[in-house]
Amino acid sequence: MIGQGLDIALDSSQLEFCQSGAQNIRLLAPAGCGKTASLLHRCRELIQRSDRKPRFLIVTFTKTAAAELKDRVEHDAYFEPVRGQANITTLNAWGWNRIRNLSRINNPRLLTSANDSFFAMKNQLHPVWSGNEHLEPIVTKPGNAPRTLMTVMDNLKSMGFVHTRDVNRPLYQQHLDALTQQGLGWRIDEQFELLTDLGVLDRPKRGDTDGPSTSRRDFYDRFFIFWRNGTARLLEESTFTFEDQKYWNYLDIAGDSADGKTPTPLAGAVRYDHIMVDEFQDINPLDMALLRTITERHRATLTIVGDDDQAIFEWRGATPEYILNPEQYLGASFHDYHLQVNYRSPRNIVEHSQRLISNNKNRVSKRVEAVEGADIAEIEVRRTDSISERLALVTDLVRNTEYPGKVAVISRLRRQLIPYQIYFASDGAPFNTAVDLDVFNSNAFDSLVALLEVWERRQDRRRVGQTVEDAVAICDIIRRRPLSKRNRDDLTRHLRSSNPRTVADAVATLKDYDGPKLSGKTHLQLHEVAHDLLSASRVDGALRSISEGFDGLQFDRERAADDVFYTAPPLDQLADICENEGFSAADLIDRIDAVKVQVQEYRDFDGDGDDDDASTILERPLHLMTATRAKGKEFDTVILLDTVQGIWPHQRTKDEREMEVERRLFYVAFTRARRQVVMLMSSEAGFISPFVEELELPVSAS
């Protein structure tokens with residue numbers, strides 16, 4: 001009988017897990033199947049059957065998930081036996097608390113911002129990079145290279161490298177090979193590319209068949225040795241990065257050598273009897289190593305919980321390999337349990353999503369059904385002729401959704417959402433948006449606004465000094481890097497010599513420049529691009545000119561870590577909305593200012609959900625997010641943007657592994673809906689997304 005031995009009813013799959021006598025368990029828990037309640041029921045059952053009170057370490061992926069579990073334990077009388085027996089935390093919070101209590105570390109300091117990382121590289125690591133022919137020129141030149149170098153240092157830790165173990169080239173190569181076997185070869189290449197962009201590594205020459213091996217060799221010589229020394233230096237300075245919260249605890253628990261020896265087991269009151277890890281599909285190699293070491297040290301049972309179909313954080317260095325093959329990486333056997341009833345999603349959402357995800361080959365096959373009596377959602381594909389029509393459609397859906405119903409506009413790419421932020425900041429419903437979409441307060445948007453203001457006054461008669469200053473400012477942003485002082489002085493003298501009274505006049509004289517050669521762009525190139533901008537009669541034309549010719553507002557990996565505008569400038573999207581809505585430059589600037597105010601006023605959910613504010617979320621019915629931000633959330637209506645080939649999946653998808661990652665992203669986005677899914681595509685777009693076809697919707701739905 002379902003629920004026998006427990007005080008409240010569970011479904012058969014939940015009950016089987018909760019009452020299991022297995023030591024180590026892999027619980028595969030698709031979205032909406034009640035895994036949170038199942039975990040706590042399992043804890044209560046283990047306490048009830050024990051002759052003493054066992055202790056639990058429950059590791060969640062986010063602070064929000066930890067808070068939810070703590071709240072259930074604290075306020076639900078049924079889970080009273082669990083109170084005081086479970087430490088519910090994230091790995092980072094657990095690690096930081098432990099670091100602060102280590103007697104050998106005095107006044108530990110956690111680097112919490114990009115500026116903290118910048119100055120840690122510049123100052124605290126100065127003794128390590130000083131004199132290094134490959135690093136010193138990079139660190140000391142203007143720009144944000146120090147932040148990128150710190151990012152690569154942290155990435156090496158998350159990838160499982162150990163500065164006290166990987167002490168020579170063969171050991172370094174051995175770990176590289178292991179990562180490649182785990183499907184993380186792309187993550188290694190990502191670090192090579194970051195350092196190549198900075199100039200630390202040389203870019204392989206065309207036709208160089210030895211390029212990859214050369215990169216690995218140079219990476220070791222030019223950066224990896226520095227990383228080992230820099231990692232030790234930060235510890236000496238009691239300075240810790242985000243990954244250090246886990247990294248130093250791993251080394252400490254493993255005996256500070258990570259040499260493979262079995263750590264000394266713990267006993268008594270400090271020992272955890274059971275360790276449970278939620279969202280196991282999202283862990284990285286460092287997480288894996290730390291969790292294995294903690295489990296062995298405490299001689300605890302291990303329960304790993306997750307859903308390989310929702311493994312969408314590979315961009316953070318996670319890999320689904322660990323939840324797919326836990327025995328291989330954890331050195332123990334696991335008994336499998338599957339939660340099979342989805343209590344959240346409508347029946348047809350469950351059925352169609354299972355058809356979609358079954359196309360992935362690298363997964364565990366599961367049987368998931370909607371709860372008996374589940375609703376049927378509205379699912380449709382809408383073709384629209386213009387961005388104005390799409391904006392009007394979203395507005396109508398938001399305003400006609402029953403309060404406190406919520407609508408999510410979910411995109412594959414960040415740039416797709418920016419026109420919606422511009423529009424809704426002043427004309428639509430108040431919205432929440434992810435922290436990493438706040439590009440409007442960036443230097444890049446400041447430069448864009450400055451260009452538009454120059455474009456607006458291009459024919460205004462002004463003092464010579466003002467027109468020349470505007471013309472030089474245009475030239476600065478046309479170039480990938482601003483003009484050098486010498487180039488700036490030479491160009492300024494030439495422009496002033498013609499006494500231009502308008503910016504257009506000043507730009508016209510660029511073609512006649514006969515001074516010293518300009519580095520980067522030639523004077524004719526500067527003239528051509530600047531003239532094209534100032535010749536635009538409408539703001540949408542000006543934006544398209546900026547998109548095509550202004551390298552200073554284009555992709556820049558070095559700055560992209562801090563400003564997503566550089567990774568995908570949304571200039572064409574802004575041009576479309578200005579054209580369709582009839583915006584002037586002043587209208588667009590006013591809306592950008594409105595977005596700045598709105599985004600700053602409300603705290604919003606970030607990638608980890610750590611800044612979620614439940615009251616704010618309920619007050620604001622419209623949510624704008626990328627698919628990677630949607631995981632763990634649910635909405636009455638989900639609107640998927642641009643469901644076409646090239647977006648879902650991304651056009652850069654090149655192999656089956658990446659295709660499966662893209663399919664999992666679409667699966668997560670599609671399954672957020674409780675009542676309605678609307679998939680939008682332009683009437684002028686090409687092929688519909690193959691993922692929409694894999695849903696196998698009724699013909700009438702599309």
When you compare the side chain of [Y] with that of [X], does any pair of heavy atoms fall below 4.5 Å?
{"X": "R42", "Y": "L39", "result": "no"}
{"X": "E314", "Y": "W186", "result": "yes"}
{"X": "T319", "Y": "M288", "result": "no"}
{"X": "Y667", "Y": "I312", "result": "no"}
{"X": "K633", "Y": "K406", "result": "no"}
{"X": "S682", "Y": "R390", "result": "yes"}

Distance, nearest 0.5 Å, that separates [atom1] of [X] from [atom2] of [Y]:
{"X": "L302", "Y": "N24", "atom1": "CG", "atom2": "CG", "answer": "5.5 Å"}
{"X": "Q328", "Y": "Y322", "atom1": "CD", "atom2": "OH", "answer": "9.5 Å"}
{"X": "I357", "Y": "F666", "atom1": "CD1", "atom2": "CZ", "answer": "11.0 Å"}
{"X": "I25", "Y": "C18", "atom1": "CD1", "atom2": "SG", "answer": "9.0 Å"}
{"X": "L27", "Y": "D336", "atom1": "CG", "atom2": "CG", "answer": "9.0 Å"}

_Main-chain N/O of V668 paired with R672 side-chain donor or acceptor, under 3.5 Å_ = yes

*Apply side chain to side chain contact (heavy atoms under 4.5 Å, CB included) to D636 and V407, showing your working.*
CA-CA 6 Å; D636 286 339; V407 177; 6.0 Å; no

*asked:* Under a plain distance cut-off of 3.5 Å, with no hydrogens placed, do Q310 and D307 share a side-chain donor-acceptor pair?
replied: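 Q310 and D307 do have a side-chain donor-acceptor pair below 3.5 Å.
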
_For the residue pair T241 / D154, report whether a side-chain donor-acceptor contact shorter than 3.5 Å exists._
yes

Do [X] and [Y] sit within salt-bridge range, that is, some charged N less than 4.0 Å from a carboxylate O?
{"X": "K366", "Y": "D308", "answer": "yes"}
{"X": "E581", "Y": "R591", "answer": "no"}
{"X": "E660", "Y": "R657", "answer": "no"}

The criterion is salt bridge (Lys or Arg N to Asp or Glu O under 4.0 Å); which residues satisfy it with [X], sequence neighbours excluded?
{"X": "E243", "answer": "K246"}
{"X": "R355", "answer": "none"}
{"X": "D282", "answer": "K631"}
{"X": "R412", "answer": "E662"}

Show me the side-chain donor-acceptor pairs of residues 367-379 shorter than 3.5 Å, one per line, residues at least two apart or across chains.
{"unit_1": "R367", "atom_1": "NH1", "unit_2": "E369", "atom_2": "OE2", "d": "2.9"}
{"unit_1": "R367", "atom_1": "NH2", "unit_2": "Q340", "atom_2": "OE1", "d": "2.8"}

*Between F161 and H175, how do the two ring planes meet: parallel, tilted or perpendicular, split at 30° and 60°?*
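Ring orientation of F161 relative to H175: perpendicular.
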
*When the ring planes of H623 and F635 are compared, do they come out parallel, tilted or perpendicular, using 30° and 60° as the limits?*
tilted

*Can you sort out the partners of Y337 under ring-ring contact (aromatic ring centres under 6.0 Å, His included), two or more places apart, ordered by chain and number?*
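Residues passing ring-ring contact (aromatic ring centres under 6.0 Å, His included) with Y337: H335.
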
_Can you list everything that forms a ring-ring contact (aromatic ring centres under 6.0 Å, His included) with H650? Sequence neighbours excluded, please._
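Scan of H650 (ring-ring contact (aromatic ring centres under 6.0 Å, His included), adjacent residues dropped) gives none.
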
*Return each pair, listed once, that meets ring-ring contact (aromatic ring centres under 6.0 Å, His included) where at least one residue sits in residues 363-391; pairs must be two or more places apart or across chains.*
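ring-ring contact (aromatic ring centres under 6.0 Å, His included) check on residues 363-391 returns no pairs.
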
*Might you confirm whether atom OH of Y343 has over 12 heavy atoms from other residues, nucleotides or ligands at distances under 6.0 Å?*
yes

Any residue meeting side chain to side chain donor-acceptor pair (under 3.5 Å) with [X], in chain and number order, not counting sequence neighbours:
{"X": "N359", "answer": "none"}
{"X": "D576", "answer": "R544"}
{"X": "Q645", "answer": "none"}

*side chain to side chain contact (heavy atoms under 4.5 Å, CB included) evaluation trace for E68 with T60*: CA-CA 10 Å; E68 178 185 350; T60 66; over 6 Å; no

_Determine whether H41 and Q14 satisfy the following criterion, side chain to side chain contact (heavy atoms under 4.5 Å, CB included), listing intermediate values before the conclusion._
CA-CA 9 Å; H41 279 289; Q14 292 171 334; over 6 Å; no

*Looking only at non-hydrogen atoms, find the nearest pair between A669 and L640 and report the distance.*
CB-CD2, 3.7 Å

_Minimum heavy-atom separation for G317 and P285, please, with both atom names._
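Residues G317 and P285, closest heavy atoms: O-CD, 3.6 Å.
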
*Per the side-chain contact (heavy atoms from CB on, under 4.5 Å) rule, which among V381, L356, N348, I349 passes with L695?*
L356

*Identify, with sequence neighbours excluded, every residue that meets side-chain contact (heavy atoms from CB on, under 4.5 Å) alongside D278.*
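Counting only residues at least two positions away or on another chain, D278 forms a side-chain contact (heavy atoms from CB on, under 4.5 Å) with K35, V305.
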
*Could you give me the CA-CA distance, side-chain angles and deciding distance for N362 and E321, then say whether side chain to side chain contact (heavy atoms under 4.5 Å, CB included) is met?*
CA-CA 9 Å; N362 190 34; E321 280 301 306; 3.5 Å; yes

*Are the ring centres of F670 and F691 closer than 6.0 Å?*
no

